[in-house]
Amino acid sequence: MSELPPIVARFDDPACADGAVQPFRVGDKWTGVVLRCLEDGAARRFGELRSALPWITPKVLTETLRSMERSGFLARSAYDENPPRVEYALTPLGRSLLGPLDTACAWARAHGTEIRDARAAHAGDRPPA
């Protein structure tokens with residue numbers, strides 16, 4: 001039996017991105033949902049986002065928004081008013097994610113039945129305790 005060649009990991013390909021960026025993952029669990037909430041181009045206040053996403057805790061929504069701001073996906077605008085007003089809007093970089101998000105959603109819709117069937121086939125699998 002011949003020896004197989006080593007697996008070459010392409011996650012740190014300098015032609016793709018520097019080592020600090022993971023091009024195959026964008027944000028966290030909720031980034032895509034927040035992108036959808038802001039895709040109409042309107043700036044939204046935290047309370048508006050919170051109302052649209054009641055299943056996300058305020059703490060997690062705050063963490064997601066801060067992470068998206070750090071990554072350059074959204075802009076946070078604070079206004080010196082009483083009470084204070086803060087709005088969030090997608091940046092051009094954030095808007096550029098909508099196309100890939102649409103593609104990923106279309107793929108998930110096209111393969112949803114296969115994914116559900118595969119998960120159901122493994123529903124009883126549990127790692128040993």
Side-chain angles (χ1 to χ4, degrees):
M1 182 155 126
S2 64
E3 190 173 316
L4 294 173
I7 296 173
V8 178
R10 301 190 191 283
F11 303 120
D12 59 352
D13 182 353
C16 183
D18 66 26
V21 178
Q22 298 177 347
F24 52 88
R25 178 168 180 184
V26 176
D28 61 12
K29 180 177 181 178
W30 302 113
T31 298
V33 179
V34 173
L35 284 168
R36 287 291 184 215
C37 286
L38 296 172
E39 73 180 323
D40 66 358
R44 302 290 181 174
R45 295 179 74 170
F46 182 88
E48 292 176 281
L49 294 170
R50 179 78 181 106
S51 294
L53 307 168
W55 57 88
I56 303 176
T57 66
K59 176 182 181 278
V60 171
L61 180 57
T62 298
E63 290 170 352
T64 299
L65 292 168
R66 286 179 181 162
S67 174
M68 291 176 71
E69 183 182 11
R70 274 193 308 273
S71 295
F73 302 152
L74 62 76
R76 178 183 184 271
S77 300
Y79 299 92
D80 189 21
E81 298 176 353
N82 194 4
R85 179 170 56 110
V86 177
E87 294 179 337
Y88 300 91
L90 291 180
T91 63
L93 181 61
R95 294 199 69 71
S96 74
L97 289 170
L98 295 173
L101 183 60
D102 290 341
T103 301
C105 289
W107 181 91
R109 281 190 297 276
H111 297 283
T113 302
E114 294 169 73
I115 295 168
R116 280 189 294 279
D117 291 347
R119 288 178 178 167
H122 294 280
D125 294 352
R126 297 279 183 252

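Predicted, not measured: the structure shown is a model, and the values here were computed from it.
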Test log, rule side chain to side chain contact (heavy atoms under 4.5 Å, CB included), inputs Leu38 and Leu74: CA-CA 9 Å; Leu38 296 172; Leu74 62 76; 4.1 Å; yes
Residue pairs involving residues 37-47 (criterion salt bridge (Lys or Arg N to Asp or Glu O under 4.0 Å); sequence neighbours excluded): Arg36-Glu39, Asp40-Arg44, Arg44-Glu48
Side-chain heavy atoms of Thr64 within contact of Val33, under 4.5 Å: no
Residue pairs involving residues 109-123 (criterion salt bridge (Lys or Arg N to Asp or Glu O under 4.0 Å); sequence neighbours excluded): none
Ser96: partners by side chain to side chain contact (heavy atoms under 4.5 Å, CB included), with sequence neighbours left out: Leu93
Atom of Cys37, atom of Leu53 and distance for their closest heavy-atom approach: SG-CD2, 3.7 Å
Heavy-atom donor-acceptor pair, Ser67 side chain to Glu63 backbone, under 3.5 Å: no
All pairs passing ring-ring contact (aromatic ring centres under 6.0 Å, His included) where residues 61-120 contributes a residue, at least two apart: Trp107-His111
With sequence neighbours excluded, residues passing salt bridge (charged side-chain N to carboxylate O under 4.0 Å, His left out) with Glu87: Arg85
Any donor-acceptor N/O pair, Thr31 side chain to Asp28 backbone, under 3.5 Å: yes
Partners meeting side-chain hydrogen bond (donor to acceptor under 3.5 Å, both in side chains) with Trp55 (sequence neighbours left out): none
Gap between atom CG of Leu65 and atom CG of Leu61 - 0.5 Å precision: 4.5 Å
